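Worksheet: one structure, shown below.
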2 protein chains.
Amino acid sequence: MPDSFKGDNTDAGDLPVTDAFLRRYIGYRMKRAYVHIHSNAQAAIETFGLRVTTSSALHIIVENPNLSQSQLSLALSIERSRAVLLVDELEKLGLITRNRVPQDRRSYALRATPAGEALLEKVVESLIRHEETLLAGLTAAEKTQLAGLLDKIERRAIDARKAGA
Amino acid sequence: MPDSFKGDNTDAGDLPVTDAFLRRYIGYRMKRAYVHIHSNAQAAIETFGLRVTTSSALHIIVENPNLSQSQLSLALSIERSRAVLLVDELEKLGLITRNRVPQDRRSYALRATPAGEALLEKVVESLIRHEETLLAGLTAAEKTQLAGLLDKIERRAIDARKAGA
DNA sequence: TATTGTTATACTCTATAACTATA
DNA sequence: TATAGTTATAGAGTATAACAATA
C-alpha cells in the first residue's frame, strides 16, 4: 500500500473523490477509455438496427464467405452457443443465410445476402467516421502506436496462455 | 466497403478465418486486449474472494474514507443502484462499514475496516504483479505512452459528451 | 469417440423506474 | 421539490453443461 494515505477524513462530505489508486493499473484506464469507444460504436451501429456484437459477426461473415458457426466463434472469441444467437438474429434480419454443406451435414456455410453486404458497407462507413471523430485528439502516429501496443498485449497474452496450458 | 473482397469461396471449409475488416477499428483491438487484461486481473483478485468490481470499490473507499455511496457511484461511473450491491457485498465480507452521518441522515459514510485495508494491500500487490507480468512485453516508456493515450481518449470523450449535452 | 449446432441455466454488469426517508 | 439509498425488472454478454445429428 502506498504511503500517500489520507488521514481519517471525518468530513469528506463534498470533497472530490479520487481514483488515483486505480489509475495505477493500465487495465483500469483501458476499461474507462473502452466504455466510451464502445458506446460511441454502439450509437453508430444501432442506427442500422444492429448492435456491436451482431455487427462484428456480420463483418466476419462478409469477409469469410461460407465459414461455419464454429469458425465464427473462434474468430470472435465467443462461445458456439453465443454464435447461434447472433446468427439467428442476422438471419431473421435477412442479412445472412445458413446453407447446408453436402460434405459435412453437421455444419452450416454462412453467407451474407446482398442486403447484408449493402448494410455492412453503410455500417463500416459510419463506424469509421464515428471512430475518427472520437479519436480526433490523437495524431495518425499515435493511433498507429496505440493499435500496435494493443496488438502486442493481445498476442503476448495468447502466447502466455498457450505456454501455461 | 474495401475492394479487398475475396471472391465467393465455396470451399472455405478449413481456411483460416480472418478479422482484417474488424482490425480497422481501434475499438475492436482494444476490446480484444482488454478481455485478456480483465481476466488476468480477475484471476489475481478472486484469490482473495473478490471480483474486479468489488475490488475497485474497495480501492475507492480506502482512498476516500467517509465518502457516500453516490460519490462512489460517480467515481466508478456506475449507477447508484449498482453501488448498493457492491457495498452490500463488501460489508457482508467485513471489509467496510456503512456509518450514519448526523449532518445528513440520508447518506452513509463508507469506511474500510482494518481487515478491508489489510486485504486491499494484498490485492494491490497481487494486481501490480499480475499486470507487470502480462505487460512484460512493453517497455516502461510504452506503458507510459499507452496510459497517456487511454487518458486522452477518455478525457476527450467526456468533453465531447459535455459539449453535446 | 469427436464435432456441429442447439437449448437451457446461471451469473455479472448495465439501465431504468419507482419507492422511502430524509433534506 | 430534490437527493441518498433501495428494490425490482429487463437486457446484454459470458460460461457451462447437456443433448441430437452427424462424422
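Bear in mind the structure is a predicted one, so any value in this text is a computation, not a measurement. Lettering follows sequence order; numbering is per chain, from 1. Only heavy atoms go into these numbers, but all of them, side chains included; no hydrogens, no water, no symmetry mates.
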Taking atom P of dT7(D) as reference, at what distance in whole Å does atom CG of Asp88(B) sit? 7 Å
Determine, for Tyr28(A) and Arg23(A), whether the Lys NZ or Arg CZ falls below 6.0 Å from the six-membered ring centre while staying within 45 degrees of the axis. no
Write down the protein N/O and nucleotide N/O pairs, taken from nucleotides 18-23 of chain C, whose separation is under 3.5 Å; answer none if there are no such pairs.
from: dA23(C); atom 1: OP1; to: Arg105(B); atom 2: N; distance (Å): 2.9

Between the protein and nucleotides 11-15 of chain D, which nitrogen or oxygen pairs are less than 3.5 angstrom apart?
from: dG13(D); atom 1: OP1; to: Thr53(A); atom 2: OG1; distance (Å): 3.0
from: dG13(D); atom 1: OP2; to: Arg51(A); atom 2: NH1; distance (Å): 2.7
from: dG13(D); atom 1: OP2; to: Thr53(A); atom 2: OG1; distance (Å): 3.4
from: dG13(D); atom 1: OP2; to: Arg82(A); atom 2: NH2; distance (Å): 2.4
from: dG13(D); atom 1: O5'; to: Arg82(A); atom 2: NH2; distance (Å): 3.3
from: dT14(D); atom 1: OP1; to: Lys31(B); atom 2: NZ; distance (Å): 3.2

Looking at every non-hydrogen atom in both residues, tell me the closest pair between Val124(A) and His59(A) and how far apart they are. CG2-NE2, 3.5 Å
How many Å lie between CG on Leu67(A) and C1' on dG5(C), as a whole number? 14 Å
d(OH, Tyr34(A); C1', dT14(C)) in whole Å: 14 Å
Got a second to check how far Thr18(B)'s OG1 is from Glu63(A)'s CD, nearest 0.5 Å? 3.5 Å
Determine, using the 4.5 Å side-chain heavy-atom cutoff (strictly less than), whether Leu22(B) and Ile128(A) are members of one ILVMFWY cluster. yes
Between dT6(D), dT7(C), dG5(D), which one does the side chain of Val84(A) approach most closely? dT7(C)
Is the NZ or CZ atom of Arg24(B) positioned over Phe21(B)'s six-membered ring, under 6.0 angstrom from the centre and within 45° of the axis? yes
Whole angstrom is fine here: how far is it from CG in Leu110(A) over to C1' in dG5(C)? 11 Å
Do Glu154(A) and Arg29(B) meet the salt-bridge criterion of a basic N to acidic O distance under 4.0 Å? no
Enter the distance from Leu149(A):CG to Met30(A):CE here, rounded to the nearest 0.5 Å. 9.0 Å
Could you pull out every donor-acceptor pair under 3.5 Å between side chains of residues 73-80 of chain B and any protein atom, sequence neighbours left out?
from: Ser73(B); atom 1: OG; to: Gln69(B); atom 2: O; distance (Å): 2.8
from: Ser77(B); atom 1: OG; to: Arg32(A); atom 2: NH2; distance (Å): 2.8

To the nearest angstrom, how far is Asn99(B) atom CG from dA4(D) atom P? 18 Å
